[in-house]
Number of protein chains: 2
Amino acid sequence: MTVPSITEQITREQAQALLARHGIAPTEQRLEIARLLFAQHQHLSAEQILAQLSRNSARVSKATVYNTLNLFAETGLVREVVIDSAKRFYDSNPDPHHHLFHTDTGELEDVAPAQVQIAGLPGLPDSREVLGVDVVIRVGPRHTD
Amino acid sequence: MTVPSITEQITREQAQALLARHGIAPTEQRLEIARLLFAQHQHLSAEQILAQLSRNSARVSKATVYNTLNLFAETGLVREVVIDSAKRFYDSNPDPHHHLFHTDTGELEDVAPAQVQIAGLPGLPDSREVLGVDVVIRVGPRHTD
DNA sequence: AATGGGAACTAGACTTTGTCTAACCCCCTG
DNA sequence: CAGGGGGTTAGACAAAGTCTAGTTCCCATT
Ligand SMILES: [Mn+2]
Ligand SMILES: [Mn+2]
Ligand SMILES: [Zn+2]
Ligand SMILES: [Zn+2]
């Protein structure tokens with residue numbers, strides 16, 4: 001699994017603003033992780049983030065990467081995407097959207113949510129609410145029958 | 001995580017027919033796993049199956065449970081459902097359908113596919129095809145604002 | 001300036017899910 | 001009866017993620 005190269009970085013100030021908007025205290029490590037993750041719309045695993053950070057010679061421990069990603073996910077700053085079952089991905093695209101999963105390459109592609117219509121949900125009791133709808137379209141090489 | 005109690009078992013012959021239809025050689029262990037899984041429409045993890053089998057004093061190893069579930073999934077006899085990222089579930093409901101996931105209880109509920117409309121998929125190259133569409137609706141206790 | 005406390009960070013042990021390996025068993029076939 | 005292939009098994013192993021206990025840092029209070 002290769003880590004996408006960094007095309008551009010957001011500034012510390014931009015990262016601070018993102019964290020502030022979600023009520024997260026801006027520590028050195030959290031800012032570094034945010035700058036990396038929000039450099040572009042992407043889907044990264046904890047392992048990829050850890051690897052990239054150490055490549056940038058940022059001093060962040062494994063525990064902090066996991067703690068931070070969990071914190072980001074809880075506050076809604078990033079979205080946890082579960083597809084692989086072996087590994088979680090963290091999605092820096094804040095807009096509601098769905099995913100195309102390429103089973104052969106492992107690549108994950110964003111899909112505009114307008115393409116998918118949730119017609120009607122089964123009647124839920126008033127005490128419960130929909131927290132989110134995850135749609136994953138699995139695609140692969142055409143099966144030559 | 002509790003294991004649903006067995007309400008009814010399918011016969012060995014019914015299990016054999018299921019396996020035969022998917023080109024799977026009917027061994028003792030595979031039949032036991034199939035009888036357990038297809039006793040009803042349900043979603044079980046490997047751990048739950050292993051636990052239930054040993055409770056039934058069936059002699060099946062961990063390796064065989066995993067091998068068998070992978071085999072069942074590859075041949076399309078069961079459907080692998082990934083939600084939790086910590087654990088895979090195997091779905092004995094053969095009909096196309098979606099899932100309601102109760103985040104508080106961990107419960108997984110089937111949803112008729114008619115409720116969800118996939119309007120249009122992004123243009124795929126002719127060389128690739130859609131293998132499946134997984135829709136998971138996450139619900140939980142209403143957030144009291 | 002010293003002290004106390006809380007939040008955050010860290011190394012590394014630990015847990016859990018799933019895979020792999022090597023031996024073994026069983027049955028069929030020549 | 002020998003050989004071979006498919007299947008099962010125990011247990012070692014791998015990988016992702018969590019937890020613990022100790023430390024560091026910052027800030028407020030005295
Ligand atoms: Mn947001
Ligand atoms: Mn089928
Ligand atoms: Zn995305
Ligand atoms: Zn189902």
Side-chain angles (χ1 to χ4, degrees), chain A residues 1-3 15-16 19-20 22-37 43-54 56-75 77-78 80-90 106 108, chain B residues 1-3 15-16 19-20 22-37 43-54 56-75 77-78 80-90 106 108:
Chain A
M1 196 66 55
T2 60
V3 176
Q16 263 176 351
L19 268 56
H22 290 263
I24 299 172
T27 68
E28 199 58 44
Q29 289 80 0
R30 289 171 182 172
L31 289 173
E32 280 309 308
I33 293 172
R35 290 186 69 191
L36 171 58
L37 199 40
H43 314 92
L44 295 182
S45 66
E47 179 212 16
Q48 290 175 316
I49 289 170
L50 197 49
Q52 186 63 55
L53 285 175
S54 68
N56 297 2
S57 56
R59 299 182 324 292
V60 185
S61 70
K62 184 176 73 151
T64 295
V65 169
Y66 279 100
N67 287 344
T68 298
L69 290 173
N70 284 337
L71 178 63
F72 284 6
E74 280 160 19
T75 59
L77 178 55
V78 301
E80 217 177 67
V81 180
V82 178
I83 282 178
D84 186 83
S85 119
K87 177 174 300 192
R88 302 173 197 177
F89 285 94
Y90 293 89
L108 201 56
Chain B
M1 197 66 54
T2 59
V3 175
Q16 262 175 351
L19 269 56
H22 290 264
I24 298 171
T27 68
E28 200 57 44
Q29 289 81 358
R30 290 170 182 172
L31 289 173
E32 281 309 308
I33 293 172
R35 290 187 69 190
L36 172 57
L37 198 41
H43 313 92
L44 296 182
S45 66
E47 178 212 17
Q48 290 175 317
I49 289 169
L50 198 48
Q52 186 63 55
L53 285 174
S54 67
N56 297 3
S57 57
R59 298 183 323 293
V60 185
S61 69
K62 184 175 72 149
T64 295
V65 169
Y66 278 100
N67 287 344
T68 299
L69 290 173
N70 284 337
L71 178 64
F72 284 6
E74 280 159 20
T75 58
L77 177 54
V78 300
E80 216 178 70
V81 180
V82 177
I83 282 179
D84 186 85
S85 118
K87 175 173 302 192
R88 301 173 199 178
F89 286 92
Y90 294 89
L108 203 54

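Residue numbers begin at 1 in each chain, while the letters A, B, ... track the order of the sequences. Quick note: numbers below take in every heavy atom, side chains included, and nothing from hydrogens, waters or symmetry partners.
When all heavy atoms of Ser45(B) and Phe89(B) are compared, the pair lying nearest together is N-CD2, 3.8 Å.
One can place CZ of Phe89(A) at 15 Å from P of dA15(D), the figure rounded to the nearest angstrom. Between the CD atom of Glu28(A) and the C1' atom of dT10(C) there is a distance of 15 Å, rounded to whole Å. If you measure from atom CD1 of Ile33(A) to atom C1' of dC9(C), you get 11 Å, rounded to the nearest angstrom. Atoms NZ (Lys87(B)) and P (dA16(D)) sit 19 Å apart, rounded to a whole Å. Note: CG (Asn67(A)) to C1' (dT18(D)) measures 9 Å, nearest angstrom. For the pair Asn70(A) CG and dC9(C) P, the computed distance is 13 Å after rounding to whole Å. The distance from atom CD of Glu47(B) to atom P of dT16(C) is 9 Å, rounded to the nearest whole Å. Between the CD atom of Glu32(A) and the P atom of dA8(C) there is a distance of 17 Å, rounded to whole Å.
Nucleic acid contact class of Asp84(A) (heavy atoms, under 4.0 Å, all strands): none. Within 4.0 Å of Gln29(A), counting heavy atoms only, lie sugar-phosphate atoms of the nucleic acid but no base atom.
Both Lys62(A) and Val65(A) sit near DNA chain C, but only Val65(A) has its closest nucleotide nearer the 5' end. Judged by closest nucleotide on DNA chain D, Ser61(B) is the one of Ser85(B) and Ser61(B) placed further toward the 5' end.
Atoms CZ and CZ, on Arg30(B) and Phe72(B) in that order, are 7.5 Å from each other to the nearest 0.5 Å. Rounding to the nearest 0.5 Å places CD of Gln29(A) at 7.5 Å from CD1 of Ile33(A). Between the CG atom of Leu77(A) and the CG atom of Leu69(A) there is a distance of 10.0 Å, given to the nearest 0.5 Å.
The phosphate of dG18(C) has OP1 or OP2 within less than 4.0 Å of a side-chain N or O from Tyr66(B). Between Arg59(A) and the phosphate of dT10(C), there is no side-chain N or O to OP1/OP2 separation shorter than 4.0 Å. Regarding contacts with the backbone of dA15(D), every side-chain N or O of Arg88(A) stays at 4.0 angstrom or more from both OP1 and OP2. For Thr27(A), a side-chain nitrogen or oxygen approaches OP1 or OP2 of dC9(C) to under 4.0 Å. Considering only side-chain N and O atoms, Arg30(A) lies nowhere under 4.0 angstrom from the phosphate OP1 or OP2 of dA7(C).
The side chain of Ala46(A) has dG17(D) as its nearest neighbour among dG17(D), dT10(C), dT8(D). Candidate nucleotides dA10(D), dT8(D), dT19(C) were compared by shortest atom distance to the side chain of Thr64(B), and dT8(D) ranks first.
Under the 3.5 Å distance criterion, with hydrogens and angles disregarded, a donor-acceptor pair is assigned to the side chains of Asn56(B) and Gln52(B).
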